[in-house]
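For reference, positions follow the sequence shown, starting with 1.
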Amino acid sequence: MSLSDSSAALATARRLLSRESSEQGIPDTASTAVEHVFAQRFSSLSQWVGIVGCNALFARALALSAPHHPVLRGVCFQLHDGTPQLECLAENAREYGSQATTEAATTVLASVITMLSGLIGEDLAMSILEVVPPGTSKNPQAATAGTSPKSSNTAEGAIS
């Protein structure tokens, strides 16, 4: 089954997200884990397709997924001090729950996987997506514990 097949892309996205989700059922934990996975994937991808290309992939994936997942309504992907963050996701996760948050994130990531596989091929796409960039933790709580407060600096463009 190829990654351009949506069921294979969804399975891959679930696997990538499940690595970070240690505690199911807690909306704040789910949104933190999603942000962490997206930040890791953004970091890996931006080294290959650039920040603009990565923004385009995530913007399109978010736009395709939002109409099907209420938890994504109003969510935008922005860079703060060079770190990608999903604005409004934590608030929406508290309203819709962790399962809806994880399902929506899975759909977004599956869209990124499908588009990237179509552009550069499945093998290269998966080798890029599997990489955990140096300096990032596999534990989302550890990764966010030492972050600085959000800045309004959205240089490099924002995804919405």
Side-chain angles (χ1 to χ4, degrees), residues 1-51 53-79 83-90 92-133 136-144 158-160:
M1 197 176 320
S2 77
L3 290 176
S4 58
D5 173 9
S6 62
S7 62
L10 280 168
T12 301
R14 278 188 196 100
R15 183 176 48 76
L16 292 171
L17 283 164
S18 72
R19 292 179 186 171
E20 298 296 329
S21 324
S22 58
E23 297 179 38
Q24 295 295 330
I26 303 171
D28 285 338
T29 302
S31 65
T32 299
V34 166
E35 280 192 331
H36 185 70
V37 169
F38 280 27
Q40 285 182 329
R41 300 307 167 253
F42 188 93
S43 179
S44 294
L45 284 173
S46 65
Q47 293 177 16
W48 291 89
V49 298
I51 289 180
C54 203
N55 275 344
L57 282 171
F58 276 89
R60 183 70 178 142
L62 194 57
L64 290 170
S65 302
H68 307 288
H69 296 280
V71 74
L72 295 176
R73 292 195 183 124
V75 171
C76 59
F77 197 84
Q78 296 194 3
L79 295 177
T83 302
Q85 296 175 345
L86 291 161
E87 298 293 325
C88 298
L89 182 64
N92 290 357
R94 285 184 211 107
E95 181 177 347
Y96 292 100
S98 62
Q99 184 176 353
T101 303
T102 302
E103 288 172 9
T106 300
T107 303
V108 173
L109 193 53
S111 292
V112 169
I113 291 167
T114 300
M115 290 184 286
L116 188 62
S117 295
L119 290 170
I120 64 173
E122 294 172 20
D123 292 339
L124 185 54
M126 286 315 301
S127 68
I128 292 170
L129 289 168
E130 293 287 345
V131 170
V132 175
T136 62
S137 169
K138 287 192 175 193
N139 178 348
Q141 273 70 29
T144 58
I159 292 181
S160 57

> Do L129 and T12 pass the side chain to side chain contact (heavy atoms under 4.5 Å, CB included) test, and can you show the C-alpha distance, the side-chain angles, and the key distance before you say yes or no?
Replying inline: CA-CA 10 Å; L129 289 168; T12 301; 5.9 Å; no

>> Can you give me the closest heavy-atom contact between F42 and C54, atom names plus distance?
In response: CD1-SG, 3.3 Å

>> Quick one: does any side-chain atom of E35 pair with a main-chain N or O of Q85 as donor and acceptor, under 3.5 Å?
In response: no

>> Holding to side-chain contact (heavy atoms from CB on, under 4.5 Å), I want the full list of residues that pass it with L124, two or more places apart in sequence or in another chain.
In response: I120, S127, I128

> Nearest 0.5 Å, what's the CG-CG distance between N55 and L45?
Replying inline: 11.0 Å

>> Using 0.5 Å steps for rounding, measure from the CZ atom of R15 to the CG atom of L10.
In response: 13.0 Å

>> Could you measure the distance from the CD1 atom of I113 to the CG atom of L57? Nearest 0.5 Å is fine.
In response: 11.5 Å

>> Tell me every residue that passes side-chain hydrogen bond (donor to acceptor under 3.5 Å, both in side chains) with T107, counting only those two or more places apart in sequence or in another chain.
In response: H69

> What are the two closest heavy atoms between S111 and S65, and how far apart are they?
Replying inline: OG-OG, 3.9 Å

>> Taking the side chain as everything from C-beta on, heavy atoms only, tell me whether V108 gets closer than 4.5 Å to V34.
In response: no

>> Restricting to non-hydrogen atoms, name the atom on L62 and the atom on V75 that form the minimum distance, rounded to 0.1 Å.
In response: CD2-O, 3.5 Å

> Excluding sequence neighbours, so at least two apart, what forms side-chain hydrogen bond (donor to acceptor under 3.5 Å, both in side chains) with R94?
Replying inline: D28

> Relative to the ring of F77, is the ring of F58 parallel (under 30°), tilted (30 to 60°) or perpendicular (over 60°)?
Replying inline: parallel

>> So which atom in T106 and which in A13 form the shortest heavy-atom distance, rounded to 0.1 Å?
In response: O-CB, 3.5 Å

> In Å and rounded to the nearest 0.5 Å, what is the CG to NE2 distance from L17 to H36?
Replying inline: 11.5 Å

> Do the side chains of R41 and V112 get nearer than 4.5 Å, heavy atoms only?
Replying inline: no

> So, N92 side chain and R73 main chain: donor-acceptor pair closer than 3.5 Å or not?
Replying inline: yes

>> Test of understanding: with side-chain contact (heavy atoms from CB on, under 4.5 Å), list the residues that count as partners of A93, not counting sequence neighbours.
In response: P27, S31, T101

